[in-house]
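Both ligands and their constituent atoms are indexed starting at 1 by order of listing.
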Amino acid sequence: MTDKTADRVALVTGGSGGIGRAVAERLAADGLAVAVHYAGNAARAEETAAAITRSGGRAVTVGGDVADEQAMAAAFDATEAAFGGIDVLVNTAGIMPLSPVATLDLADLDRTLRTNVRGAFVVSQLAAARLRPGGAIVNFSTSVTRTRFPSYGAYVASKAAVEGMTPILARELRGRDITVNAVAPGPTATPLFLKGKSEEEIDRIAAMNPAGRLGTPEEIAEAVAFLAGPGRWINGQTLFANGGMA
Ligand SMILES: NC(=O)c1ccc[n+]([C@@H]2O[C@H](COP(=O)([O-])OP(=O)(O)OC[C@H]3O[C@@H](n4cnc5c(N)ncnc54)[C@H](OP(=O)(O)O)[C@@H]3O)[C@@H](O)[C@H]2O)c1
């Protein structure tokens, strides 16, 4: 039997982050060549690419602000130049400033919308134009769109936009054989989740799902790998990967 993923290529935005790294490594283990994307942290992306190469996979790094269409077009160009095309775009890049709505610094709102919403649109536009048939776009939302925790107003507004846009792009790509889905993780042990939280707060949130623990980046990568590979009949959906929390 031939390996169906042998010539497939993925670009993972936020590959320098906790979930992005796990996604890049998981897709590489599934046989895809991977472009590991970063914004400010090139060294972390290099580490991920080196780990993939050490394990016998193929990886390059590409940089750029996800909301900057020129920088991201260059990242897509570099991925295509390295591997001949792109089949899978996973957009994990994101930020999560927390504040009650009443006192939210509007500069934080702008920054959140720019990275999480404009960024998702920029990479979705590029992916829509360039992905090969049989491809997949996987966006990132959050389970907080269901749990509705206080202080997550700006973040949830940005992720609700991603959840809203995802099925529309799926329908717009009729005839292209490209699926468009979102993964909505629950609390997952990465810098984005852990930053600024006390141990008690982390334990309290971890206890909210039936397993009573945080998710791991590898468990989120499992959901992405399914949507990026065998899950062809799943299209226009948001998959909540949270251990049953919401
Ligand atoms: N961890 C959780 O509990 C959790 C739960 C639900 C949803 N999520 C979602 O999962 C995704 C990944 O989160 P994570 O936990 O892996 O976060 P993380 O470890 O903080 O990583 C965030 C990534 O986003 C990149 N990034 C930030 N701003 C960017 C920009 N303007 N342009 C390009 N890249 C940018 C960062 O790049 P540099 O470091 O190179 O700057 C980094 O690679 C996010 O969309 C997040 O909202 C996470």
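Using a 4.0 angstrom heavy-atom cutoff, H37 counts as in contact with ligand 1.
The nearest non-hydrogen atom to atom 22 (C) of ligand 1, considering only G14, S158, G94, comes from G94. Considering each of T13, D65, D68, the one bringing a non-hydrogen atom nearest atom 30 (C) of ligand 1 is D65. Between Y38, Y155, F193, Y152, it is Y155 that holds the heavy atom closest to atom 9 (C) of ligand 1. Around atom 33 (C) of ligand 1, the closest heavy atom drawn from V66, T190, I19 belongs to V66. Counting heavy atoms only, T115 comes closest to atom 29 (C) of ligand 1 of the residues T115, T48, V12.
Proximity of M96 to ligand 1, defined as any heavy-atom pair under 4.0 Å, is not found for any part of the residue. Of the heavy atoms in P187, only backbone atoms (N, CA, C, O) come closer than 4.0 Å to ligand 1. Only the backbone of S141 comes within 4.0 Å of ligand 1, counting heavy atoms alone; no side-chain atom from C-beta on gets that close.
Looking only at protein heavy atoms, the nearest one to atom 10 (O) of ligand 1 is F140 CD2, 3.3 Å. Atom 44 (C) of ligand 1 has as its closest protein heavy atom T92 O, 3.1 Å. With respect to atom 17 (O) of ligand 1, the closest heavy atom belonging to the protein is L192 CB, 3.2 Å. Here the heavy atom of the protein found nearest to atom 36 (C) of ligand 1 is S16 OG, 4.1 Å. G186 O, 3.4 Å is the protein heavy atom nearest to atom 5 (C) of ligand 1.
One side chain, N242 or S143, offers a donor N or O that lies under 3.5 Å from an acceptor on the other. A donor atom on one side chain and an acceptor atom on the other are found under 3.5 Å apart for S158 and N116. Residues E163 and T145 have side chains that bring a donor and an acceptor to within less than 3.5 angstrom of each other.
For ligand 1, the atoms closer than 4.0 angstrom to any heavy atom of N41 are 38 (P), 39 (O), 40 (O), 41 (O). Less than 4.0 angstrom separates some heavy atom of I95 from each of these atoms of ligand 1: 27 (C), 28 (N).
Remark: K195 fails to qualify as a cation-pi partner of F193 under the 6.0 Å distance and 45° angle criteria applied to the six-membered ring. Seen from the ring of Y38, R44 does not count as a face-on cation partner, given the 6.0 Å and 45° thresholds.
A salt bridge is absent between D30 and R8; no separation between the charged side-chain nitrogens and carboxylate oxygens falls under 4.0 Å.
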